[in-house]
Amino acid sequence: MGLKVYNTITQRKEEFIPLRKGRVGMYVCGVTVYDLCHIGHARSAVVFDVIYRYLKYKGYEVTYVRNFTDVDDKIINRALQEGTSTDEIAEKYIQEFYTDMGALGLQEPTFEPRATEHIPEMIEMIKRLLEKGHAYLVGGDVYYSVESFPEYGKLSKRSLDEMKAGARVEVDERKRNPLDFALWKAAKPEEPSWESPWGRGRPGWHIECSAMSQKYLGETLDIHGGGKDLIFPHHENEIAQSEGATEKPFVRYWLHNGFVNIDREKMSKSLGNILTVKEILKDYHPEVVRLFLISRHYRSPIDFSRQEMEVVRRNLERFYQTLAEINKILDEGVEKIDARGGLSPEEMAIYRRVEEFSHRFEEAMDDDFNTARALAPFFELSRDLNRLLQNPSAHTPFLLRRGRDAFLEAGKILGIFQEDPHVFLEGEKRRRAKDIPLTQKEIENLIKERDKARQQKDWARADEIRERLASHGIVLEDTPKGTTWRVR
RNA sequence: GGCGGCGUAGCCAAGGGGUAAGGCGACGGUCUGCAAAACCGUUAUUCACCGGUUCAAAUCCGGUCGCCGCCUCCA
């Protein structure tokens with residue numbers, strides 16, 4: 001099966017063919033470390049984490065690079081506000097990034113370069129751009145001349161004329177074209193700066209990605225990703241810099257993820273509705289967050305709301321419940337039957353669907369990483385497996401094992417079902433029980449009391465206790481093995 | 001103004017020339033003392049609207065309406 005990806009620059013889905021057979025070089029714009037990560041950062045990170053995992057699953061040897069922008073106006077401002085150094089601000093938020101993204105279960109990229117550690121590479125590239133006439137010096141600043149690159153605008157589909165016409169850019173008389181952007185900024189007092197052939201200064205924002213991607217992945221990348229908002233100007237400028245310097249194609253496939261809205265509004269500082277990863281993780285298990293983020297196609301906008309998160313949470317718990325039941329059966333050491341013969345028609349149908357599961361999953365993922373579509377087989381398979389659990393036969397363990405393996409293998413690519421089901425369910429129970437004004441002990445005593453009532457067929461008393469617990473959101477489940485409780 | 005995208009059941013959401021995945025909810029059923037969970041069944045003759053192309057359109061083309069993003073730092 002062949003992977004197809006939507007390429008922003010051609011605006012269509014294309015067959016994915018890396019430059020070198022069997023190898024993929026992927027660069028994703030990381031974060032500027034001046035504040036905590038929000039759900040939007042999480043989406044980008046999770047989306048490309050899934051893409052990274054899937055490419056490896058497909059057998060590619062993937063070199064994945066995700067950068068940290070650790071020198072920037074925003075960091076400088078933040079440091080000024082807090083009366084500390086830019087290094088401290090950057091270091092602090094890099095650590096926060098690792099804490100948050102680690103919690104979300106992101107796999108580590110191959111390289112995580114920091115801008116400040118690649119100043120010489122950037123200076124080298126700027127030199128080449130000056131030599132080739134793509135850049136010019138004004139005082140201690142170096143600007144990229146967009147007019148020197150005839151293809152400028154090819155990614156974001158705009159022409160220089162159009163942009164000039166609608167320009168809302170501040171006019172800097174020293175620039176040849178208002179859209180020219182800084183490659184190097186002359187040092188100002190109190191700002192971090194480095195020596196360069198043009199005097200002390202610091203790099204512009206866009207040059208770091210061109211320099212670092214080239215260092216770790218070569219002149220042509222297979223995949224370059226980031227949020228949709230980076231298409232212009234950031235990625236457009238990267239193309240101008242990289243192709244201007246190397247005269248080689250910069251990127252084969254441009255991938256851009258959509259935004260996260262909060263209750264149908266754009267997330268923004270002015271609206272004050274920035275939702276940080278930390279805040280979300282207080283209320284939801286990381287896998288709930290992941291499942292939520294992949295429940296829509298990565299290019300579409302996704303709307304965050306508590307209601308939707310609850311739906312996702314219940315879905316995840318349901319899956320884990322099924323897995324827990326399966327483990328219970330298999331751990332009981334039931335006789336292993338691997339023979340296919342003798343399956344009932346019903347079992348045979350389930351067997352076929354288990355076998356088809358991985359194909360359906362892969363087919364969906366091959367279609368531009370369509371995780372939303374790839375989730376459907378999970379729901380269908382879990383229903384099949386639950387049916388097996390209800391009507392066991394000699395073949396059940398064999399089918400359950402096959403089903404669970406398929407489930408977990410695909411889950412691994414999405415980064416879900418990575419916990420022990422029992423541990424997960426107990427953890428969720430505890431998390432949700434925290435807000436209940438009853439102790440575990442009190443709940444269990446009430447259940448014991450209800451059991452006595454039930455034995456005496458005192459249904460009124462039994463139901464009274466159930467009602468009382470229900471008023472706290474506690475749901476009782478009577479099973480042949482006793483009564484269990486969970487939080488709604 | 002320019003560029004891009006979206007409008008699919010009560011809600012969320014795939015699909016994007018061959019006759020509507022999946023989830024939530026609702027309703028009916030199995031199970032249960034009653035429930036819950038799980039399972040079974042029902043829930044879009046139709047994909048914003050109007051034209052056109054085609055044997056065939058939710059899917060392609062043109063137009064209309066509505067919503068959103070980017071064009072300035074932004075995932």
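Both backbone and side-chain heavy atoms feed into the values below; hydrogens, waters and symmetry mates do not.
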Partners passing ring pair (Phe, Tyr, Trp, His ring centres under 6.0 Å) against [X] (at least two apart in sequence or in another chain):
X      : result
A:H38  : A:H41
A:H206 : A:F181, A:H234
A:F292 : A:F304

Touch class at under 4.0 angstrom, heavy-atom based, for A:K457 against every strand present: nothing
B/S/- contact track for nucleotides 14-24 of chain B, protein heavy atom under 4.0 Å: SS-----BSSS
Mutual orientation of the aromatic rings belonging to A:F232 and A:Y152 [parallel < 30°, tilted 30-60°, perpendicular > 60°]: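 If you compare the ring of A:F232 with that of A:Y152, the planes turn out perpendicular.
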Parallel, tilted or perpendicular: rings of A:F407 and A:F378 (30°, 60°): perpendicular
Interatomic spacing from CZ in A:R387 to CZ in A:R383 - rounded to 0.5 Å: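 Rounded to the nearest 0.5 Å, the CZ-CZ separation comes out at 7.5 Å.
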Selected nucleotide, minimal atom distance to A:S44 side chain, candidates B:rA38, B:rA75, B:rC73: B:rA75
Distance-only check: which donor-acceptor pairs under 3.5 Å involve side-chain atoms of residues 311-318 of chain A, not counting sequence neighbours?
residue, atom, partner, partner atom, Å
A:R313, NE, A:E317, OE2, 3.0
A:R313, NH1, A:E310, OE1, 2.2

Phosphate OP1/OP2 of B:rG5 contacted by A:R299 side-chain N/O (<4.0 Å):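 Negative; the distance criterion is not met.
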When you compare the protein's N or O atoms with those of nucleotides 31-33 of chain B, which come within less than 3.5 Å of each other, and at what distance?
residue, atom, partner, partner atom, Å
B:rG33, O6, A:R450, NH2, 3.3
B:rG33, O6, A:R454, NE, 3.3
B:rG33, N1, A:D463, OD1, 3.0
B:rG33, N2, A:D463, OD1, 3.2
B:rG33, N2, A:D463, OD2, 2.5

N-O pairing of A:D35 and A:K74 below 4.0 Å: no
